[in-house]
*Asks:* 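One structure coming up, written as structure tokens, with questions to follow.
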There are 2 protein chains.
Amino acid sequence: MSRPGIILFGHGARDPRWAVPFERLAQRLRGVPDAPPVSLAFLELMSPDLGGAIDALVAEGCDTIKVVPVFFGQGAHLRRDLPVLLDQCRLTRPNVTLLCTQAAGEDDAVLDALAAYALRA
Amino acid sequence: MSRPGIILFGHGARDPRWAVPFERLAQRLRGVPDAPPVSLAFLELMSPDLGGAIDALVAEGCDTIKVVPVFFGQGAHLRRDLPVLLDQCRLTRPNVTLLCTQAAGEDDAVLDALAAYALRA
């Protein structure tokens with residue numbers, strides 16, 4: 001039986017305050033009953049990176065990890081950089097199954113929430 | 001009586017496909033009954049910029065424009081770059097009232113939608 005984990009993958013930024021909503025998002029997921037272990041990971045400027053997050057989840061017993069890109073759009077970071085990182089991690093961690101979803105910002109329900117915020121804010 | 005408009009302010013990227021969810025978000029808002037005019041604007045790499053978007057909404061009759069940063073976190077782009085842009089636009093367009101909300105990614109309902117996506121995707 002596979003033991004799942006979730007990585008919330010963000011861009012990263014110099015200002016540590018930038019990561020606050022990512023930490024809140026991870027906390028929300030950790031509060032869901034029976035939710036799998038969750039880690040943040042960042043493309044640049046913040047840690048852990050993708051490999052570090054995978055290793056942390058493996059240390060918690062995960063062997064099937066879903067990477068959720070917390071990006072609005074799918075530009076070069078998701079079309080070019082992330083696939084390279086995923087392939088590197090698959091090569092160096094052959095016992096882990098790595099899956100990757102579409103950018104969260106492409107999801108209809110996320111767009112609905114953003115639209116509601118834009119009207120209400 | 002003020003005539004409102006909404007600007008969805010994103011980072012911008014080289015790949016035009018990056019903007020697709022932003023366009024879908026703008027279309028969603030335009031589909032809401034009695035929604036004010038909506039424009040996208042980008043910090044860099046895509047057009048229109050903030051001034052161009054303001055001018056387009058003014059041409060549609062808006063005089064009170066709410067800028068909604070479609071960013072997950074509040075890093076240097078929102079804490080440093082956007083306030084400078086807003087002040088420049090206020091100086092050069094004194095007949096327009098410019099308001100600005102928090103980053104959309106700080107909103108609880110947006111975080112809820114992101115969390116649900118991360119579990120479901």
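No experiment lies behind these values; they were computed from the predicted model shown.
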*Asks:* Under a 4.5 Å cutoff for heavy-atom pairs, which residue among A:Val20, A:Val70, A:Ile6 has the most contacts with chain B?
*Replies:*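 Greatest number of close heavy-atom pairs with chain B: A:Val70.
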*Asks:* Examine whether an atom of A:Arg28 lies under 4.5 Å from a heavy atom of chain B, and if so say whether it belongs to the side chain, the backbone or both; otherwise answer neither.
*Replies:*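 It is the side chain, since no backbone atom gets that close.
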*Asks:* Checking heavy atoms, do the side chain of B:Ala19, its backbone, both or neither come under 4.5 Å from chain A?
*Replies:*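 Interface part for B:Ala19: neither.
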*Asks:* Report the distance from atom NE2 of B:His77 to atom CH2 of A:Trp18, rounding to the nearest 0.5 Å.
*Replies:*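 It is 10.0 Å, given to the nearest 0.5 Å.
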*Asks:* Please answer: with hydrophobic residues joined when any side-chain heavy atoms are less than 4.5 Å apart, are A:Val32 and A:Leu25 in the same cluster?
*Replies:*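 A:Val32 clusters together with A:Leu25.
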*Asks:* Tabulate, in ascending numerical order, the residues of residues 104-121 of chain A having at least one heavy atom closer than 4.5 Å to a heavy atom of chain B, or enter 'none'.
*Replies:*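 Residues of residues 104-121 of chain A touching chain B at under 4.5 Å: A:Ala104, A:Gly105, A:Glu106, A:Asp107, A:Asp108, A:Ala109, A:Val110, A:Leu111, A:Asp112, A:Ala113, A:Leu114, A:Ala115, A:Tyr117, A:Ala118, A:Leu119, A:Arg120, A:Ala121.
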*Asks:* Same cluster for A:Phe22 and A:Leu43 if Ile/Leu/Val/Met/Phe/Trp/Tyr side chains link at under 4.5 Å?
*Replies:*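 Different hydrophobic clusters.
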*Asks:* Starting from A:Leu82, can I reach A:Ile7 by hopping between I/L/V/M/F/W/Y residues whose side chains sit under 4.5 Å apart?
*Replies:*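 Same hydrophobic cluster.
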*Asks:* Do you know which of B:Pro36, B:Ala26, B:Ala13, B:Pro21 has the most heavy-atom pairs with chain A at a distance under 4.5 angstrom?
*Replies:*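 Of the options given, most contacts go to B:Pro21.
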*Asks:* Would a single hydrophobic cluster contain both B:Val58 and B:Leu85, if residues Ile, Leu, Val, Met, Phe, Trp and Tyr are joined by side-chain heavy-atom contacts under 4.5 Å?
*Replies:*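 Linked, B:Leu85 and B:Val58 end up in one cluster.
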*Asks:* Which bit of B:Leu8 is near chain A, if near means a heavy-atom gap under 4.5 Å: side chain, backbone, both or neither?
*Replies:*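 Side chain of B:Leu8 only, per the 4.5 Å heavy-atom cut-off to chain A.
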*Asks:* Do B:Val68 and B:Met46 share a hydrophobic cluster, counting only Ile, Leu, Val, Met, Phe, Trp and Tyr and linking them when any side-chain heavy atoms are less than 4.5 Å apart?
*Replies:*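 Yes.
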*Asks:* Would you mind telling me which of A:Gln74, A:Gln102, A:Arg14 has the largest number of heavy-atom pairs within less than 4.5 Å of chain B?
*Replies:*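 Most heavy-atom pairs within the cutoff with chain B belong to A:Gln74.
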*Asks:* Report which part of A:Val38 has an atom under 4.5 Å of a heavy atom belonging to chain B: side chain, backbone, both, or neither.
*Replies:*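 Contact with chain B is absent: no heavy atom of A:Val38 under 4.5 Å.
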*Asks:* NE2 of A:His11 to CZ of B:Phe72: how many Å apart, nearest 0.5 Å?
*Replies:*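 Here the rounded value is 12.0 Å.
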